[in-house]
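Basis for what follows: all heavy atoms, side chains included, without hydrogens, waters or symmetry-related copies. Numbered from 1 within each chain, the chains take letters A, B, ... in sequence-line order.
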Amino acid sequence: MSEVRVRIAPSPSGFLHIGTAKIALFNWLYARQTGGTFVLRLEDTDADRTEEEFVQAMCDGFKWLGIDWDEGPAFGDEPQKGDFGPYRQSERNQLHRDAGQKLLSEGKAYRCFCTKEELDIERERAQKEKRPPRYNGKCRDLDAAESQARHEAGERNVVRFKVPEGQTIIEDLVQGTVETQNKEFDDFVILKPTGDPIFHLAVVVDDGDMNITHVFRGDDHLTNTSRHAMLFDALGYDRPIFAHLPMVLDEQGKKYSKRLHGANVLDWREDGYLPETMLNYVALMGWSPGDDEEIFTRDELVKAFSVDRLGKSAAKFDMKRLQWINGQHMRTMPIEELRDRVLPRLSEAGIDFSGKSEEWLTQMAAICQEKLKTLNEIVDYTDFFFKDIDEYNAKAVKKQFQKEGALDRLEIILAVFQENDCTTQALHDAIEAVCEEKELGLGQINPLVRLSLSGKMMGPGVFELAELLGKDECIKRLENAIEYVKGL
RNA sequence: AGCGUAGUGGCCAAAUGGUUUAAGGCACAUGGUUUUCAUCCAUGCGAUUGCGGGUUCAAAUCCCGUCUACGCUACCA
């Protein structure tokens, strides 16, 4: 068996779609696991929809996910890689034309002079009579010489593939044996009047010429695969092994629309999700490990992946599950790494942390690690460190500051802070001791501390955050809180 | 209209004829964890395996039918 060669062939008409990412992931996993080659090929034949910035945007998505390619086209700073180029379909046009001509000259295809209008009428009639809409093969048996003459005279025509008799059998890695009667297919077009290829011809030629051995793609192509198989055969290529994967559905169970937030994989980066989360989650939509393991790093995925555990049914996107997976990854991440990933989110929120030491920032990340579900939540969890409290959480004010005895308790807390070292341990012990002495519960003290120091009712542990805030600042904030409560 | 694929608790899914009174996780609920939110831990909740037949001693698993969803049937990709 020759070396595994797989590919992802997106049409760069925008961003990297979550569905494309899923397909790319499985191709990539297979390549990495087998030591094979992962090829990036751009299906950019739809010229007006393809722009260089789209190519860049799409590849930014791949890079963020950590899906790297061994062969692919040049763009931006990327050099062309690989010996099977060009890797843009638009630059392979002549190859496709030649393949079409070859089939024509071998009698495996023929020119069709039917007009579009004729065919439209025929199709409509078929619909009305509840017959399957298929081309009737009118031009199939046209005399070759006559056909050529009409073509040379400039008569508009397309080239159709002459679908052979018999049946086509595909051994799909996911779908199993797919057997189709060739008579279910009409003679489909392979070359447009301009001589440009139709998609089906182009992919087959490209996959054939690039020696692609395995094709993992969306199951929307399952029916097309029989056509492709016939084309592979007719052109004398070895057929690759196919694996048709179910597509990604949105939370309503519909095909993931491009317009939906989250269709772009980079939307998830923006929302504070980790690339390994996306890989992990998407892998679990359509593949399951044999055991109860659910959390996988990129490397673990490469190791654990196996073709025979791919599923056939489509899965709906589930935000809650994604969040959970993200939390799991955040928790196992080295603290320095979490710090470095979280800091840019603070910058984006306009928070200036340049005055803090690296050690302090690491500590800040550490006290949040067990609580965060997304990177973005860091802002809500820590912004009070970097600015004065301009407003106390209204609900918390009602629940804490406006309670009977709040002021007395704040005075007690202030005394504790004044008399003790401002460390997690010291504060904890001191508060506990005071609680016992005054017969108070921690629940009557800690929420007041939190609210006074952070203005919020949630966040990192109170003593931990107090230590990071520093003694002077804590005392100042407690005094402010006392003034505030007096004014109520 | 033909052909194709899928249908297991709200969601992801395991189990391809029997060790299953259908795993596990998410979500949800309750309790505990230095208050609350979150995390974590524990417990719990919840499925006549789309529906109807059949084969079998035995079916989520095999067969037939049916419904629903999606895909392909483009001079789109």
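- Closest to the A:Lys320 side chain, of the nucleotides B:rA27, B:rG4, B:rC11, is B:rA27.
- Taking atom CZ of A:Arg227 as the reference point, atom P of B:rA77 lies 14 Å away to the nearest angstrom.
- Cation-pi geometry between A:Arg156 and A:Phe113 is not satisfied (NZ or CZ under 6.0 Å from the ring centre, within 45° of the ring normal).
- One P atom belongs to B:rA1, the other to B:rC12, and the distance between them is 28 Å to the nearest Å.
- The side chain of A:Val462 has B:rU35 as its nearest neighbour among B:rA6, B:rU35, B:rA74.
- A distance of about 13 Å separates the P atoms of B:rU49 and B:rU21, rounded to the whole Å.
- The gap from the C1' atom of B:rA59 to that of B:rG54 amounts to 12 Å, rounded to the nearest Å.
- When the C1' atom is used for both B:rA60 and B:rC51, the distance is 14 Å, rounded to whole Å.
- B:rA6 is paired with B:rU68 under the Watson-Crick or G-U wobble criterion, all donor-acceptor distances under 3.5 Å.
- Toward the 5′ end of RNA chain B lies the nearest nucleotide of A:Ala314, the other residue of the pair A:Asn157 and A:Ala314 mapping further downstream.
- Remark: the A:Arg156 side chain and the B:rC75 base include a donor-acceptor N/O pair separated by less than 3.5 Å.
- Comparing B:rU34, B:rC75, B:rU73 by their closest approach to the side chain of A:Pro133 singles out B:rU73.
- Atom CD in A:Gln328 sits about 20 Å away from atom P in B:rC12, given to the nearest Å.
- Looking at the side chain of A:Lys371, the nearest of the listed nucleotides B:rC76, B:rA6, B:rA38 is B:rA38.
- Here the P atom of nucleotide B:rA27 and the CD atom of A:Glu251 are 13 Å apart, to the nearest Å.
- The P atoms of B:rU66 and B:rG71 are separated by 22 Å, rounded to the nearest whole Å.
- Rounded to an integer number of Å, the gap from OH of A:Tyr110 to C1' of B:rC75 is 13 Å.
- Pairing for B:rA23 is absent, judged as Watson-Crick or G-U wobble with the two contacts each under 3.5 Å.
- We find that A:Asp250 and A:Lys255 are not joined by a salt bridge, their nearest charged nitrogen and carboxylate oxygen being 4.0 Å or further apart.
- Of the candidate nucleotides B:rA27, B:rC75, B:rA1, B:rC75 has the atom nearest to the side chain of A:Pro193.
- Rounded to whole Å, the C1' atom of B:rC26 lies 16 Å from the corresponding atom of B:rG44.
- Rounded to the nearest 0.5 Å, atoms OG1 (A:Thr168) and NE2 (A:His228) are 12.0 Å apart.
- The side chain of A:Pro132 lies closest to B:rG2, out of B:rG2, B:rU35, B:rG25.
- With distances taken from any side-chain atom of A:His221 to the nucleotides B:rA77, B:rC26, B:rA13, the minimum falls on B:rA77.
- Side-chain to base pairing of A:Arg450 with B:rU35: one donor and one acceptor N or O lie within less than 3.5 Å of each other.
- Counting to the nearest Å, the C1' atom of B:rC40 and the CD atom of A:Gln369 are 13 Å from each other.
- Here the CG-NE2 distance, from A:Leu142 to A:His151, works out to 13.5 Å after rounding to the nearest 0.5 Å.
- With B:rC37, B:rA77, B:rC3 as the candidates, the nucleotide lying closest to the side chain of A:Glu184 is B:rC3.
- Cation-pi check for A:Arg160 over A:Tyr135 is met; the charged atom lies under 6.0 angstrom from the ring centroid and within 45 degrees of its normal.
- Within the 4.5 Å cutoff, side-chain heavy atoms of A:Phe62 are placed close to those of A:Leu16.
- For the pair A:Gln175 CD and B:rA6 P, the interatomic distance rounds to 6 Å; values are reported in whole Å.
- Look at B:rA60: it lacks any Watson-Crick or wobble partner with both distances under 3.5 angstrom.
- Pairing for B:rU55 is absent, judged as Watson-Crick or G-U wobble with the two contacts each under 3.5 Å.
- Across all strands shown, B:rC28 forms a Watson-Crick or G-U wobble pair, both distances under 3.5 Å, with B:rG44.
- Following rounding to the nearest Å, A:Leu322 (CG) and B:rC12 (P) show an atom-to-atom distance of 14 Å.
- Under the Watson-Crick or G-U wobble criterion, with both distances below 3.5 Å, B:rA13 has no partner in any strand shown.
- In the set B:rG25, B:rC72, B:rA15, B:rC72 carries the atom at the smallest distance from any side-chain atom of A:Thr223.
- Within the 4.0 angstrom heavy-atom criterion, only backbone atoms of the sugar-phosphate kind lie near A:Lys254; the bases stay farther away.
- Within the 4.0 angstrom heavy-atom criterion, no nucleotide atom of any strand lies near A:Cys368.
- Residue A:Phe199 has its side chain nearest to B:rA77 when only B:rA77, B:rU39, B:rA74 are considered.
- Note that the NZ atom of A:Lys371 and the CG atom of A:Asp380 stand 13.5 Å from one another [nearest 0.5 Å].
- In the model, A:Asp220 has no side-chain atom that pairs as donor or acceptor with a side-chain atom of A:His244 under 3.5 Å.
- Under the Watson-Crick or G-U wobble criterion, with both distances below 3.5 Å, B:rA1 is paired with B:rU73.
- We find that CG of A:Asn224 is positioned 14 Å from P of B:rC76, with the value rounded to whole Å.
- For the C1' atoms, the distance from B:rA13 to B:rU8 is 9 Å, rounded to whole Å.
- Rounded to whole Å, the separation between the C1' atoms of B:rA15 and B:rG25 comes to 16 Å.
- Between A:Leu442 and A:Ser313, the residue anchored nearer the 5' end of RNA chain B, judged by the nucleotide with its closest heavy atom, is A:Ser313.
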